[in-house]
Structure formats: C-alpha cells, structure tokens
Amino acid sequence: MTQSILRAQGVSKRVRTADHDLTILDDVSLDIKLGQSVAIIGPSGAGKSTLLGLLAGLDTPTDGEIWMGEHQITATNEEGRAAIRAKMVGFVFQTFQLLGSLTALENVSLPMELSGQRDARQRATEYLAKVGLAERLSHYPKQLSGGEQQRVALARAFACSPKILFADEPTGNLDQATGLKISDLLFDLNRQSDTTLVLVTHEQRLAERCESIITIDDGRLLSQVTS
Amino acid sequence: MNFIDVKLLWRDWKGGQLNLVVSALVLAVMVVTAVSLFADRVERGLNQQITSFLASDLTLRGGIEISDDYRAKAQELNLQTADLALFRSMVFAGDNNHLASVKAVSNAYPLRGEVELSDDLEIGKLSNHTNGPASGEAWVEARLFNLLDIKIGDKIEVGYLKLTVTHLIVNEPDRGTGFTAAGARVMMSIDDLPASQLVRPGSRIGYRFLMSGDDRSIETYKKWYQKREDALKNSSELKHFRLVTPENAEEQLADAMQRGRAFLLLSGTIGVLLAGLAMALASQRYASRLTDQVALMKAWGQSTGSIRRSQFVRLFIIASVSTILGMLLGWLSHYMLLEVAKGVLNVELPLPGARPWIVAVVTGFVCVLGFALPALWHLPTIEPLRVLRRDLPDSLLGQGRRLAIGVVSLLVLTYWYSESLITSLLFLGALFALFAVCALVALQFLKLVQNLGSWRGSFVRLGLANLWRRRGQTLVQLVGFSTTLMLLLVVTGLRTNLIAEWEAQLPEDTPSHFLYNVADREVDAVKQVLADSNVTTTPWFPMVRGRLVAINGEAITRERMSQSDGLSREVNFTQTVDLPTSNEIVDGQWWSSPPAGLEFSMEEQVATEIGVGIGDEIEFSVGGIKITATLASIRSVDWQSMNPNFYVVFYPGALDRYAPNWVTAVRAAKSTNVNRGALAKQAPFVSKMVQLYPTAVVLELGDVIARIRDVINRVTQGLELILFLVLICGALVLFAAIGVSYDERLRENAILRTLGSSKKIIIGALAVEFAMLGAIAGLIASMGAEAILFFVQKNVFDMVAQWHPSLWFVGIGSGVVLITVLGLARSRDIITVPPLQSLRQIT
C-alpha cells in the first residue's frame, strides 16, 4: 500500500469574531498518498483555502492533528513548521506572487538560493526552459503576461523539487485558454517530478484531472473520491 | 553576510523603493557632518594657537599696572619677564588715520615663540625675532599699509609720538583668539609709551606681565599666586590681576567652543528630525512593499530568526553606505561654512579629529535604529499564511510606540551633541511646541479650506477635499515645511531687513561720531575745534573706569558678580549735575542741591540684578583707590539713544581726583560712505581733531554699524546654509508623505480616469491640492517669522516693530511654488500611468 504523505485527523478551525466563534473547518480528516494529485473543491467560503493553509503548515488548527510525512506539524511551533516546509513544500498562487524587483531567473532561483542550493541559477534556467521561457530569463514580472508570470511561478515551485506542491487556484487569474495551458504544464511537471499535488480550485475541469477530489462545504468534508 | 541579502537590497534600490530612506539618511548625516567638521576644525585651530597664545609660560593680566609684589616674586624665582600694554588708538600717516590695536612691548618680548616679520608687502623674506621693536620703531600689520597708504621706512604718528615703520608683522605668538574684529596691529616699544602720552589714568589699557622659566620655578610662582588669591578672598584688598596659564586659557576657550558647537549641532538637529520623519514615513511604505516578500520567504521555510538577521544586514548596509555618502557630502559642504566664516576667523585650520566622524556615524546608525527600524520591526513576525490571505492584519508597531522611539533617539542625539540633558530637553521641548502650534494653526486653515472647497469648481473641490481627507499626512507635510521655511525667513529677515530698519529708525539727531579719550586740559580746545567746524555736540562727560567691590560693607562674592554684567567687569563712571537726556528717574531723587556726603545714581537693570535700593552704601574701586557712596537714585536708560550712557553717575566732585578723560557724542554733516578710511572723505572736523589731538579717539557710528552688520551677515549666512539643507529634509518629508498615500491616489485617479475624468482635471486637482498646501505652509511660516522678528525688534533692538510685506510675499510664494513643483513631480506616475496599468499595479 502507498505510503501517506499528508494526513489530517479531526481538524477544526474556529476564529473568534466580535460576538461569537465562527467555525471555518469542522472535524476534517483526510489522507493523501505520496505522488497523488488531489483537488479540493467547494463553493466560495467553504474553507478550501483555510484547509490548504493548514495542510501546508502555514497555519495551525484549533483542534486535530496534521502529519506531513513522519512530521506531526501540529505538534511543533512555527520555527519547526518552517523547517519542515523548507524541506518538503512548494507553492503556486492565484496571484503568482512573483517579486517585482527580480527578473524571471532571479525569481526562480531565489528560494533555492535561500536554502543554500549551489546550482540554483543553473536549475532555474533549466526549469524556465521547461516552461517555455528560455528567452525571457531577464524579464521582469511586469514585462510578462499573466500566463507567463504563472509559468515562472510553476518553474519556481518545481525547481525546488518539493515533495508536496500546494496550488491555490493556479488558473483563477487567467483566461480560459491560458488557464488550460497552465494546467497542462502543471500536470506535466507534476508527472515528471513525481510530486504530490494538492490544489484548491473552483474549476471542475481542473479538479477532474486530479486522481482524487475532496469536496468541502460549510467547513465540512463532504466526500473524498479517488479515481 | 548572505549574498542574497545584498542582491535583494540592490534590487530594492534599483526599483526605487529605498530612494527616500537613503536620501533622508544621507542628508541627516551630511548636515551633522558639515556642522561638526566646521566646529571641530575651528576649535582645533584656536586651540593650536593657545599653545603659543601667551608668548610665555605664565601671564599676569590686569586693567592697571602690574603691582611690584608680583614682579618681585618673579625676580626672586629668577623668572624671565617681559611687559606688554594693549590698547586702541588712532594712528596717522599724513592725511590718513586708522583706529589701530596698539601693543607696546618690552625688548624681552616674546618669551616663548617668535615674532615673524617681513620687509616686503608682496612675498617677502621672513625673519623670526625673539625681541620687540627698538625705541622709535614700529612694526605693523600688512593691512595698515593700505589703510594709511604707507611703506617701510615711512613715519606714523601714535599719540604725540612719531615712529618709523621698520617691519611688517606676519605673525605674533600671542595674536589672540583668532577673531580679527579689532583694528590693525601696531607694535611699538613700551619705552616709547610715556612720550606718546597715550596712557593716562582711566585709559582703557590691558597690562600683561609675561613670565617664563624652568618648570619648578613656574610651579612655585603658580602656588604663590594661588595662596595670594586665597588670602585676597578674605581681605578687603581688591583683586586686579588674573594669572593665565596655558591650561586655564584653553579651558575658557573650550567652554566657549563647546557652546558654539552645541548651538550649531542643535540647528542641525532640526534637519535630523525632519530627515527622521521622512525616513519613518518612507520606511513604512518600504515595509508594506516587503510584506509579500517576507510572507513568501516564510512560506518557503525561512525562519523568523533568519529573516530578522537578513533585516539587520540590510539595514546595516543602508546605514553604512548612506553614512559614508553623507560624510563625504558633509566634508564638501563644511568648506562652504568655512568660506562664510573666513572673514571672521583668522586661524590656520588643522585637519579634523575623530569626533566629527564619530558624530556622523552615530547619527547615521541612531537614525536607522530610531526611525527606520521601528517601521520595519514587525516584518519578521509576519505570518506565512499571508501568502494565501492578504487581508490578515500585520503587527506593525503602534504609532505611539514608533513616535516614542523616534523621540528618544532624537533625545539621545541632542544630548550627545549638546552634552547637557537640560539643553536637549529644552531644545526638543521648544521644537515640539513649535510643531504643535504649527499643527494647530494648520488644522484651522484646513478647516477653512474645506469649507472653501464646497463651492468651487470640480477639480478645485476635488483637490481641496483631498487635503482634508488626508489631513493626517497633510499636517505632517505642513508642519515639516512651515517650520523650516519659518526659520529660513527669520534668518534671512535678520540679515536683510533688521539692521537697515533699525538704522532707518534712528532719530534725526542721532550722533554721527563719538569722541573719547580727550584729556582734561584738551577739552576746551577740542570744544573750540568742534564749534569752528559747526558740529553740534551732546553734553561732555568726564569718564573713569572702575568696578563695584562691596555693598553695605559686604564684599561682593564671585557668585554675585556673575549675576550682573555691570559687576563682573570694569565699567565707565561719570559725574554730572544734570540728569543726562534719555535717562529717567524711576526711584529716589536726582540732586537738586549738593548732597551732604558722596552720592551716586545707578542704572535700573544693574540695580535690580545686584539687589540694591536707595540708601545702600556701595564701595567702588577706581584704579585701585576705593570710594564709598550712597545710592541716591535709580535711572532707566535708553541705551538706543546713541548718547554716552553710564551705569553709575556721581554727583560732581567725586571723581575729580582720578583725572578723568572726557567723552561726548557729536553730530556732523553726513559723510560719504565711499572709500571710508580716506581722510578727505571724512567729516572735516575729524581731520582737524586727529591732527591736533592725536591721543583722542574718534569713532564713527557708521563704522560700528557696518561691523555689526558684517558679523550678523556671516552668522546668518552660515545658518542659512544649514537651514537650506534642512529645507531639503522638509522636501523629503513631503515626498515621503505623498508616498504613504501613493497607492490610494493611484487607485483613485485610475478610477476617476476610467469614469471619464480628463487628465487635465486630475492634474488640476493635484495642482490645487499642492498649491493650497504650499500657501498654508507659507502663510504659517510667514506668520511665525513675522512674530519672531516682531519679538526681536521689540526686545533685542528696542525699536518700533514693522511689517515685512516682502517676507509674506517670499514665504507664501516660495511655499506655493516649491510644494506644487515637488508635489507634482512626485505624483507624475499618478498622472501619466494609464488607468488599467495603475489598477493592475495595485492588485
């Protein structure tokens, strides 16, 4: 049986508002296997992004446990989670999150340089070539189209060889045609690198390309369907 | 150091995000460096002079001839000695004359150091001498050659004596403190002094007794002097002499220099404060730009600690580079200050010491820690979840805490500059009070403008509404700009208007010349000369110099002496039957008949300062001889009247035995100001006077005013230079404050343009906003400056206060022009970037 890479057990997230406690996630349990691609879908405000943040170790649940590989990330502090993220996690965001003052090449190589990787620039160049931007290495984000910016973001995420890639609405800011190209690229790279992919999306077509679909609504996990 | 930190910092710099932080820091360091380098070099120059300042190992100074016991002790210890007498006197050559600084020296002078002489006005071969001029000779300063139109070998008249000019003085060891406001030097033999008839009882002469010898004898003399001093404190004998050693001479100068340096640095502090404000605002914007970057890095697994380290590395680099740049620019600008001070200072300036550089470095780093760091402090603690949820609040330090840190940093700096906690607290307190008043006034204007906006055209309303809507930022901009502009207007007003206005307000019958040092036997003849020349004189007063020594039998202590200027030095006494004009009795009675005993009248302020009243017995010393009199009346004196005025006036007869000199003020027809110094252009009576009575001194009021104006000009020009740099700091505050609302403005204007507003309306609204901001800043600055000038006119110059329409015109005009131009320049992207791009840029 394939080993779990990400496991949540009874995870809840509540926040205190002015007059009452608001439950964003309620008793969510799930299990994601190594190399699997999983889509989290649900209507706006269902708690998808909150779940993604908790699974990625960017936030802590009010109740429940989350395991990333052999690490129980809910049992460690932010510094411990940061160290785990540094080893295992990559991100792709809806708003690309490229640094405007850095070129495409520098944007891709930055996380690798931060983790002390020696061949950062070489790998960044390779990955930019893989996403079809070999000619745009020295371009700044504002000189690139939305689709190109997201391709840089994909190169940045995969170049670090993360064990798990979290993608938050990766095509949400793109038109349909560009979105399709980006999702093709995302799944291609995912296949090549054997990364576990966890993506949050509104788009049914994008979700259907994943091996497993988790549906949540009103903070509750409604189903986890694996094809 | 991580190379990535440098790279990211470089990218931020290239992206223009650090421009303001760095410029503000560079300016702050530049102002402080320039000021402290200037102060340090001048201080060092003057200190260096002190080492040979005394031309001896010890110098005894006094206003009367050195008494024999001091000489005898020196002789007993086998010390070498020399005598000096210093005074001002008219010197003549043919038709030309000059009020010179005469130094009569004995042949043994100087005991330490050498007099450097030359025989040629041009380049001249220098010769060093360890002796003074021989009898019949005069050595003179080069500028006297031009003033009197003479050359080597010519004769000059000093008093009743004719001396041959044999050498030019290039340098003398005890030249003085370096300030050359006095007349040109004439050095002569002390043996010739009696023949010149310049020295009389009551003449203002400084006597010096120079001593040198081996260390033991010098120490013994110092101890002996100290013992004598202590004994004097408990006896009724008067203290007429003061022993000057290189140590205490330095101490006094160090004290004065410390005060001067602190004053200059405190003016620079206003620049540091504004630069700090600009830095704080710019750092806040920089922090908001870094928020996403930090959140992303934390999502990638960077720890809070490593981000904090990276933050310190970046700030260290910013502080180091900016400080070095500021120091370089400060070094260049201190030459401008030196250039301005050139006419007042006459010292060789050595290279600066380490302190100015340390001051600069500390200023740079304290500014970063106090103004930039608080705005950036929260960055490492930003939650990584922000990469998904940008609406999460950041934990930016509260405004109150940031303000407190900034104020404490300023306090640390001002305390360090002034070396006095009280001074720094008072200075900062006054500065913040000024800010508060400016802010209050500005708020009232803004309210007024808000109402004005409701009935104006569309872009006018839009612009004016912006001012009120962002009133927080508007107030910061207004306060920063108006205070700086105000100070500049005050300084410029002092330089350009005040002296001229004061001169113009002098009454028609204001004397044009003062005559003093006229001997008893010459008075009648001089009166005749004046009458023949149709010159109107004010009353003649006999004058002797003396000091107050005891009140009601109680000797005046040093502490009490320091309370009043009239007590701490020798002052002029006179005697007269009639109450001098421009004097009014405020207590007691002026004599209507001869009093039974010795009585006198005292000036009101001195009487208050030393706490004496009618009937008190005061003991005076005139040339060492004591005289006791009863206070009969207290007078208010109009010192601005330009007539001879006195602190102490006796009933006639009291001063007869002291052989007084006579003084009067005269009014002659106006002389031309062209080529002053040439006798032909002077009032005709002056030439007659100086030829017939060479020991009398004629001082022209115009010369005195010209000298005052020159000093004020130089001081204010120096301050203007500093304030100009401060004004640039004010401009940076404006830039930084616009930066704070930049994104908001960008979005608003993009929306307005999307909705169909023309570019013209956007520019118009911005122009109206900045022009009104400038007008209010200029108005506040002009109001403040006029108020300060009013105070100075009333209290310092004691004149009728005048409006300065030009000040209001310049103040408001420069405010409008400067702020509109700078504001529009800073907002050019808001105007030029297409709306879609603006909206995209923000999201």
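Given the structure is predicted, the values throughout are model-derived calculations rather than measurements. Chain identifiers are assigned alphabetically (A, B, ...) following the order of the sequence lines, protein sequences preceding nucleic acid strands; residue numbering begins at 1 within each chain.
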query = Tell me, side chain or backbone of B:Leu296 under 4.5 Å from chain A's heavy atoms, or both, or neither?
reply = side chain
A:Leu99/B:Arg11 under side chain to side chain contact (heavy atoms under 4.5 Å, CB included): CA gap, chis, key distance, verdict = CA-CA 10 Å; A:Leu99 300 183; B:Arg11 290 301 187 181; over 6 Å; no
note = Among A:Pro162, A:Ala86, A:Pro111, the residue with the most heavy-atom pairs under 4.5 Å to chain B is A:Pro111
note = When the 4.5 angstrom heavy-atom criterion is applied to A:Glu169 and chain B, the contacting part is neither
key: Sub-4.5 Å side-chain heavy-atom contact between B:Lys7 and A:Leu110   = no
key: Per-residue contact mode, A:Phe166 against chain B (heavy atom under 4.5 angstrom)   = neither
remark   = Counting heavy-atom pairs under 4.5 Å with chain B, the top scorer among A:Gln94, A:Glu106, A:Arg81, A:Lys87 is A:Glu106
message = Quick check for you: to the nearest 0.5 Å, what is the distance between B:Ile4 atom CD1 and A:Leu114 atom CG?
response = 4.5 Å
query = Highest number of heavy-atom pairs under 4.5 Å with chain A: which of B:Ser303, B:Gly15, B:Gly305?
reply = B:Ser303
task = First locate atom CG of A:Leu102, then atom CG of B:Asp12, and finally report the distance between them rounded to the nearest 0.5 Å.
result = 8.0 Å
message = Please give me the minimum heavy-atom distance between A:Arg85 and B:Pro384, naming the atom from each residue.
response = NH2-CG, 3.7 Å
message = Distance check, rounded to the nearest 0.5 Å: B:Glu383 atom CD versus A:Glu78 atom CD?
response = 8.5 Å
request  = May I ask you to check whether over 12 heavy atoms, not counting those of A:Gln72, lie within 6.0 Å of atom CD?
outcome  = yes
note = Rounding to 0.5 Å, atoms CG (A:Leu98) and CG (B:Asp292) come to a distance of 11.0 Å
Interatomic distance, B:Lys14 atom NZ to A:Ser101 atom OG [nearest 0.5 angstrom] = 10.0 Å
query = For the atom pair CH2 (B:Trp300) and OG (A:Ser115), what is the distance rounded to the nearest 0.5 Å?
reply = 10.0 Å
ask   = Counting heavy atoms not belonging to A:Gln176, are there more than 12 under 6.0 Å from its CD?
value = no
B:Leu388 to A:Ser49 - nearest heavy-atom pair and separation = CD1-O, 3.9 Å
query = If you draw a 6.0 Å radius around CZ in B:Arg308, do more than 12 non-hydrogen atoms from other residues or ligands fall strictly inside?
reply = yes
inquiry  = We want to know whether B:Thr304 and A:Glu79 form a side-chain donor-acceptor pair, criterion being a heavy-atom distance below 3.5 angstrom.
reply    = yes
ask   = When you look at CG of A:Asp63, are more than 12 heavy atoms from neighbouring residues, nucleotides or ligands closer to it than 6.0 Å?
value = yes
